[in-house]
Amino acid sequence: MGTDIGDLLQKRKIELSDLSNRVVAVDAFNTLHQFLSIIRQRDGSPLVNSRGKVTSHLSGLLYRTASLIEAGIKPVFIFDGKPPDLKSETLSRRKEVRETSREKWANAKAEGDLEAAYKYAQASSKVDHEIVEDSKYLLGIMGIPWIQAPCEGEAQAAHMVLKKDADYVASQDYDSFLFGAPKVVRNMAVTGKRKLPGKNVYVDVKLEVIDLEETLRALGVNRNQLIDIAICVGTDYNKGLEKVGPKTALKLIKKHGDIHAVLREKEVEIEGLDRIRELFIHPEVTDNYEIKWTKPDSEKLIKFLSEKNDFSAERVEKAAERLKAVSGARQKTLDQWF
DNA sequence: CACCAGTA
DNA sequence: TACTGGTGG
């Protein structure tokens with residue numbers, strides 16, 4: 001997903017508490033996708049309510065966001081709008097992967113191969129319309145602001161950090177750098193012990209931040225050149241060049257200056273190159289938004305999560321209390337929260 | 001993912 | 001108190 005330039009980036013490990021009082025623009029699609037893949041039973045089946053509807057994302061949003069809030073973080077979720085036309089190939093490829101994974105999941109389950117079943121179940125996760133709508137509603141009654149992006153959520157999030165309405169973009173993907181995000185925080189939804197795919201090994205996943213300026217300085221390139229590097233490797237809007245990974249792409253762009261020169265040298269073309277660059281440099285974003293944290297609505301939380309989605313009322317109340325404790329403390333400090 | 005009860 | 005393994009929905 002996104003672009004594979006992670007190896008080139010300078011990552012610094014941090015703790016949740018380091019983000020206290022910081023506004024974090026969370027890539028909602030990315031976060032929901034992670035919840036849907038991670039919050040599952042041993043055989044790979046997601047959490048569902050009594051009507052059979054998936055609720056893993058609701059569980060993740062409720063408990064994880066409560067932890068963020070408790071750590072003093074001010075999250076605002078950014079939802080994707082209409083994707084650019086150039087993304088359609090990527091989107092149909094993702095769909096294909098999901099569908100074949102769903103079949104393989106069923107087969108693995110039938111054969112009793114739990115390891116494989118889990119892996120394919122994860123890869124079959126889909127953030128559909130209903131999941132997005134449920135998530136927006138839940139965030140609303142939790143008192144967490146969310147914003148509808150006109151186009152790519154990561155572009156909107158990056159725009160908000162550039163405008164200083166937020167301090168960080170939170171996403172696992174690196175695309176927000178290409179949209180100019182000065183600071184990105186990764187692993188916000190997945191901290192703790194995680195199993196490495198395929199192996200029986202666990203790693204401790206820590207939050208990490210990446211600073212765009214620092215990275216560009218270390219690489220000795222500018223932002224436009226980083227975009228060109230990504231295009232060489234491949235982005236959501238284009239296939240990369242044959243046998244060119246991040247390291248080679250960096251070398252090529254530093255040697256030739258920009259991607260046009262690289263393509264001339266290699267005698268290849270990338271369809272729609274200028275449009276792809278433009279999507280990163282001048283993405284469609286909006287300034288029409290409001291970021292405001294409010295008190296959670298316990299009654300609606302119980303109604304929605306407990307009555308409609310079969311969550312334990314006790315647990316929902318506890319989470320609501322955690323959210324409320326912080327909004328109460330905020331009010332007292334006259335911090336400009338409301 | 002977080003929660004929770006059982007265990008050391 | 002810290003860790004683990006099962007469960008949540």
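These numbers come from a predicted model, not from an experiment. Residue numbers start from 1 in every chain, and the chains themselves are labelled A, B, ... in the order their sequence lines are given, proteins ahead of strands.
Spacing between atom CD1 of Ile39(A) and atom P of dG9(C) amounts to 12 Å, rounded to whole angstrom units. Per the geometry, NZ belonging to Lys308(A) stands 17 Å off P belonging to dG9(C), to the nearest Å. Going from atom CG of Asn49(A) over to atom C1' of dG8(C) covers 13 Å, rounded to whole Å. Note: CG (Leu62(A)) to P (dC1(B)) measures 16 Å, nearest angstrom. If you measure from atom CE of Met188(A) to atom P of dA2(B), you get 12 Å, rounded to the nearest angstrom. Look at CG on Asp43(A): it is 17 Å from P on dG9(C), rounded to the nearest Å. When the C1' atom of dA2(B) is taken as reference, atom CG of Leu47(A) falls 10 Å away, rounded to whole Å. Rounded to whole Å, atom C1' of dC3(B) lies 16 Å from atom CD1 of Ile38(A).
Legend: residues meeting salt bridge (charged side-chain N to carboxylate O under 4.0 Å, His left out) with Lys251(A), ordered by chain and number and at least two apart, are absent.
Distances shown here put every side-chain N or O of Arg40(A) at or beyond 4.0 Å from the OP1 or OP2 atom of dC1(B). Between dA2(B) and Lys318(A), no contact under 4.0 Å exists linking OP1 or OP2 to a side-chain N or O. Between dA2(B) and Arg64(A), a contact under 4.0 Å exists linking OP1 or OP2 to a side-chain N or O.
Across dG6(C), dC3(B), dG9(C), the shortest atom-to-atom separation from the side chain of Arg322(A) is found for dC3(B). Of the candidates dG9(C), dA2(B), dG8(C), the closest approach to any side-chain atom of Phe311(A) belongs to dG9(C).
The aromatic rings of Phe280(A) and Tyr237(A) are tilted relative to each other, their planes meeting at an angle between 30° and 60°.
Across all strands shown, Thr55(A) has heavy atoms under 4.0 Å from sugar-phosphate atoms exclusively, and none from any base. No contact: Ser67(A) has no heavy atom under 4.0 Å from any strand. Contact annotation for Ala189(A): backbone-only contact, meaning every heavy-atom pair under 4.0 Å involves sugar-phosphate atoms and none involves a base.
The two residues Gln34(A) and Ala189(A) come nearest to each other via the heavy atoms OE1-CB, 3.4 Å.
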Under 3.5 Å, which donor-acceptor pairs do the side chains of residues 128-144 of chain A form with other protein atoms, sequence neighbours left out?
residue	atom	partner	partner atom	Å
Asp128(A)	OD1	Glu130(A)	N	3.2
Asp128(A)	OD1	Ile131(A)	N	2.9
Glu130(A)	OE1	Lys53(A)	NZ	3.2
Ser135(A)	OG	Ile131(A)	O	2.7
Lys136(A)	NZ	Gln148(A)	OE1	2.7

Check against side-chain hydrogen bond (donor to acceptor under 3.5 Å, both in side chains), Asn187(A) and Gln172(A): CA-CA 6 Å; Asn187(A) 300 337; Gln172(A) 286 312 94; 2.8 Å; yes
